[in-house]
Each structure stands twice: as C-alpha cells, then as structure tokens.
Protein chains: 2
Amino acid sequence: MTHPARKPRPEEETPQPKKLSRIQVRNRRKIMNAALEVFSSHGYRGATLDQIATEAGLSKPNILYYFEGKEAIHVELLNALMFNWLAPLHKMGPGGDPMTEVLTYVRRKMEMSRQYPRESRLFANEVLQGAPRMGPHLETGLKPLFDEKCAVLADWMAQGKLAKTDPGQLLMSIWAVTQHYADFDAQVNVLIADADAGWKAANSHVDLMFRKLLTP
Amino acid sequence: MTHPARKPRPEEETPQPKKLSRIQVRNRRKIMNAALEVFSSHGYRGATLDQIATEAGLSKPNILYYFEGKEAIHVELLNALMFNWLAPLHKMGPGGDPMTEVLTYVRRKMEMSRQYPRESRLFANEVLQGAPRMGPHLETGLKPLFDEKCAVLADWMAQGKLAKTDPGQLLMSIWAVTQHYADFDAQVNVLIADADAGWKAANSHVDLMFRKLLTP
DNA sequence: GTCTGAGTTTACCAAATGGTAAAAAAGGCA
DNA sequence: TGCCTTTTTTACCATTTGGTAAACTCAGAC
C-alpha cells in the first residue's frame, strides 16, 4: 500500500469509523508535538522534516507514513490548535460583569502567552507571512467569533458598562499586547533583566491599561 | 579576482576610501530593496537568492558579486534599517510636554507601521525566530536606548507629569500595539472591512488608550 | 505457532538552493 | 583606438530537502 495513512484517518467528510490504534494515537501526538516545536521556532519554510523527525524520535519516512507531507502536518497543527487558542475569547460573554469579563479575558490571554508561547509563535509566523495556509480559518473561524464578540462589547458600551471605544480595535489591541510577550520573547528577554519580575509587571501593566481604557 | 566585492566596501573597520561607483551604488540599492521585499514576506529561510535576484532584476551570481552571501545581505539589511526604525524613539525626549512627547511617539510609530510595513515584518520575523542574526544589535543598539528612554519616562512620572506605570512595560506595549497593524496585516484585513476607516479608527484607538493610561 | 496487515527502516531520487569558476561584455581612460 | 578594470553572464557544483519504493519487523487474531 502506498499511502496507508489515508485509511486510519477518520476525521474527514466521510464519517469513517475512528479506528486509530494505540500506536497511531501515540505517534501522531509525538509528531504534532515535534512539529509545534519546530514550526514555531523556524517558521514553515525554515522547518525541515528531518528536524521534526528527530524531535519526534521517529524516522522521516515514518513521519510520512502518518501524514501526507510537510504541508499536511502544518495545516493539521493549525487546525488542532485553533480551537484552544480561541477558547478564552469564547468564554468572554454576557453573564458576568463586563469589566471583569474583559479583564479576565486579558488575564487568560496573558497566561496563554506564558504557558503556550509556541502556539502563539506558530500563529504569528503564519500570519506574518500572509497566512497562506490559514486563509479559510481566518474567514470561517476567527471572523465570526470576532464579529460576535464585537457585538457583545458594543452592547456593554451602549449600556454604559464600559467606556465607549471601537470594539474591534479593542480586541486587536488586547491580542497585540498579550501575544507580544510570547512572540517577541527574544527581545523582551534582552530588555527585561528579571524574567519573573518582568512577568508580574507585565500582568499589572496590561490590567491597568485596559482597566483605565474601559472605565466609563 | 574571486571576490572583488571586498574592495569596494568601505564601511568596515579599516577606513578604506569610499570608492563606490555609480553602478555599485545603484545595484546595491536595488538588491537591498529586493531583499527587503523578499525577506520581509517570507522570512530568512523562506527567502531565496533567486527570488531576490528576480525582484532586483539581476542574476543570482551578480547578486553574489555585490554581497558575500545570503546571510550578509540579511545582516546588512537589518543594520541599515535599524537606525531608521528606532528614529522615532530617539526623538522622544525632554524638551516638550511629556504627554505630547509620548503620544507623538505613538503616532509616529503608527505612521511607520503604515508606511513601512515591510521593515516592521522584517524585524518581527527575525525576533520571532529568536533574533539569531540580530542578537548583538539588540544588546548594543536597542537596550541602551530602551534604558535611556525608560529613565526619561520614569522622570516624567516622578514629576507627576504622567501617571505612574512601569516605563519598560509602557514602551513594549506601544511597540506591540503599533507594530501589530503591520505585522498582522493579513489578519487585520480579514477582520476589518474598510481598510481606510480601520486605519483612522486604529489611530484614534491607540491615542485614546495611551492617553487614558498616562493621564495622571 | 503462524499468518496477515500495521508499522518501520534502508536506500534511494529529483528538485531546489546557496554558491563558484571562468569566460564574456561593458566601462572608462590614455 | 587600444588597454585595463569593473561588471555580467553562462555553465556548473555540492548540499539540502521533500518525498518514494520496497524490503523488513512486529503485534495481534486465529
């Protein structure tokens, strides 16, 4: 069989039974993990299958037994991480105090930047270069969520619960500031001597910044 | 002669007479321009000498007549652009109203993002991947300037001219927000329908954000 | 046990890519 | 014009890299 990897993949349009063997689950996870490491630190073109294979502890042809090719790995990685990456934004919504909701979102984004900097850099790399393998995701995944949350924010502002400002710009500035700490880590580390103290300062700073901006 | 490019380059430690012929000036400029275009949109490893050569309207060996290699082009590009990129920060200093000084800096950074998005993405690409070819520049170029301006900001805050906040965090958040519009252009364009209106909104938003943050 | 298919490895290949040698062409100047 | 230097092109090369073929190994069902 030339490409047996076709068969065991259930999550396509045809609802094939999900017969992922233990070995497949384990190795696919290993590959995803290695790919995240390599793609996030070198970008798509800078990453090589050999690097991913070494990082995963597998051979290159073995990698290609599980995935159709380099691009397929990258795309699947983006797909798999997109949901988790947007989870904090999903959680922000009516049902709580507006200011608390927004500041909680900001804090969660900061935690994501600290705990999952590779994910942040993966997306940053991709978007920086024009999002060539993520175009559809931006349109169908991010855009609707963005619009929905803009509406929520606009509503809060109309009710006088938050100071009036452009909701879209607000969201983008939250992303910019919070993800900066992960994406520009190399620069931050040069400028801020004590990483731990710097992180605490960063948290206070972004909290203060958005609190002041949104206090009516 | 194997590498005649050694001779006509004056800006090394030895202060050789700068005998750059018209042709050299013109072609080196063409190459720098092309390299900026290609490196900024594909990253270092994603860029190829062939792409740069095509973009510059020269042949690949001809490129290598003027520069020692791919890496030399990249490094020289970073060197050449660093100064201009930091110019707005140099201008921010005592001698004006503190709030105006900071907000002017913010506005200038926004203008840079709009007018020179390639420069922004070039640096972003480099830093994202750990600044492997820019380490010294961060230490010797950026760090001192950063510390100097932090001191200026701290002084203004101590005088009560600006609200107290961490000066370093302030500077980094200014960079994050302003450069975001250039670096994440592909994403911004998906989320914001009208680019022109979006740009105006962005300018108002960042002005308001930092004004509120810094108002004592 | 043994037989079948899933999983892995060895040995490759073709294209892309950074770089070089050397000849040819183009300037520039007496 | 003739002569020397600078610039450009043509024809290569070695390495890297994504990917494949086919042999081989191993796990589990019977």
Side-chain angles (χ1 to χ4, degrees), chain A residues 1-10 16-32 34-35 38-39 41-77 132-133, chain B residues 1-10 16-32 34-35 38-39 41-77 132-133:
Chain A
M1 257 168 267
T2 319
H3 248 303
R6 280 278 81 191
K7 185 178 2 162
R9 285 175 64 187
Q16 286 172 329
K18 44 182 70 177
K19 289 203 285 186
L20 284 198
S21 72
R22 263 176 312 128
I23 295 179
Q24 285 208 350
V25 170
R26 170 171 49 87
N27 282 353
R28 290 176 77 89
R29 219 196 303 272
K30 279 206 275 186
I31 294 168
M32 285 286 105
V38 177
F39 279 132
S41 50
H42 300 98
Y44 178 73
R45 303 241 357 223
T48 72
L49 284 178
D50 283 293
Q51 282 175 294
I52 296 173
T54 301
E55 183 79 25
L58 299 172
S59 67
K60 183 169 61 173
N62 205 1
I63 298 274
L64 293 167
Y65 172 77
Y66 290 100
F67 291 91
E68 302 240 337
K70 184 183 179 182
E71 184 157 353
I73 299 177
H74 193 246
V75 169
E76 182 141 334
L77 196 59
R133 276 164 289 278
Chain B
M1 259 166 262
T2 319
H3 249 301
R6 280 276 83 189
K7 190 188 343 172
R9 286 175 65 185
Q16 286 170 328
K18 43 182 72 180
K19 285 203 286 185
L20 285 198
S21 72
R22 262 176 313 125
I23 295 179
Q24 285 208 350
V25 170
R26 172 170 49 87
N27 283 352
R28 289 175 77 89
R29 218 196 305 270
K30 279 206 275 187
I31 294 169
M32 285 285 106
V38 176
F39 280 131
S41 49
H42 299 97
Y44 179 73
R45 303 241 355 225
T48 71
L49 284 177
D50 283 293
Q51 283 175 294
I52 296 173
T54 301
E55 184 79 25
L58 299 171
S59 67
K60 184 169 61 175
N62 204 2
I63 298 274
L64 292 167
Y65 171 76
Y66 289 101
F67 291 90
E68 302 238 336
K70 184 184 179 181
E71 184 159 354
I73 299 177
H74 193 246
V75 169
E76 183 141 333
L77 196 58
R133 278 164 288 278

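The shown structure was predicted, so the numbers you read here are calculated from the model rather than taken from an experiment. So you know, we letter chains A, B, ... as the sequences are listed, proteins then strands, and number each from 1.
Residues forming a side-chain hydrogen bond (donor to acceptor under 3.5 Å, both in side chains) with B/S41 (at least two apart in sequence, or on another chain): none. For B/R29, there are no side-chain hydrogen bond (donor to acceptor under 3.5 Å, both in side chains) partners two or more places apart in sequence or in a different chain. Considering only residues two or more places apart in sequence or on other chains, A/E55 meets the side-chain hydrogen bond (donor to acceptor under 3.5 Å, both in side chains) condition with none of them. Applying the side-chain hydrogen bond (donor to acceptor under 3.5 Å, both in side chains) test to A/R133 and every residue at least two apart in sequence or in another chain returns A/H74.
For C/dT8, the OP1/OP2 oxygens have a side-chain nitrogen or oxygen of A/N27 closer than 4.0 Å. Phosphate contact (OP1/OP2 of C/dG7, side-chain N/O of A/N62, threshold under 4.0 Å): absent. Residue A/S59 places at least one side-chain N or O under 4.0 Å from the OP1 or OP2 atom of C/dT9. Regarding contacts with the backbone of D/dT8, every side-chain N or O of B/Y65 stays at 4.0 angstrom or more from both OP1 and OP2. OP1 or OP2 of C/dG7 has at least one side-chain nitrogen or oxygen of A/Q24 nearer than 4.0 Å.
Between B/F67 atom CZ and D/dT8 atom P the separation is 13 Å, expressed in whole Å. D/dG18 atom C1' lies 15 Å from atom NE2 of A/H74, rounded to whole Å. Between B/L58 atom CG and D/dT9 atom P there is a gap of 7 Å when expressed in whole angstrom units. The nearest whole Å value for the distance from the CD1 atom in B/I63 to the P atom in D/dT7 is 14 Å.
Closest of all the heavy-atom pairs between A/L58 and A/K30 is CD2-NZ, 4.3 Å. Between A/S59 and A/A53, the shortest heavy-atom contact is C-CB, 3.9 Å. A pairwise comparison of heavy atoms in B/L49 and B/L64 identifies CD1-CD2, 4.1 Å as the closest pair.
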Protein and nucleotides 11-18 of chain C: nitrogen or oxygen contacts under 3.5 angstrom:
unit_1 : atom_1 : unit_2 : atom_2 : d
C/dT17 : OP1    : A/R45  : NH2    : 2.9
C/dG18 : OP1    : B/A47  : O      : 3.3
C/dG18 : OP1    : B/K70  : NZ     : 3.0
C/dG18 : OP2    : B/L49  : N      : 2.8
C/dG18 : N7     : B/K60  : NZ     : 3.0

What nitrogen or oxygen pairs link the protein and nucleotides 24-30 of chain C at under 3.5 Å?
unit_1 : atom_1 : unit_2 : atom_2 : d
C/dG28 : OP1    : B/R22  : NH2    : 2.8

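In this structure, B/R28 contributes its side chain and B/Y66 its backbone to a donor-acceptor pair below 3.5 Å.
Geometric assessment of A/K70 against the ring of A/Y44 yields a positive cation-pi assignment under the 6.0 Å and 45° thresholds.
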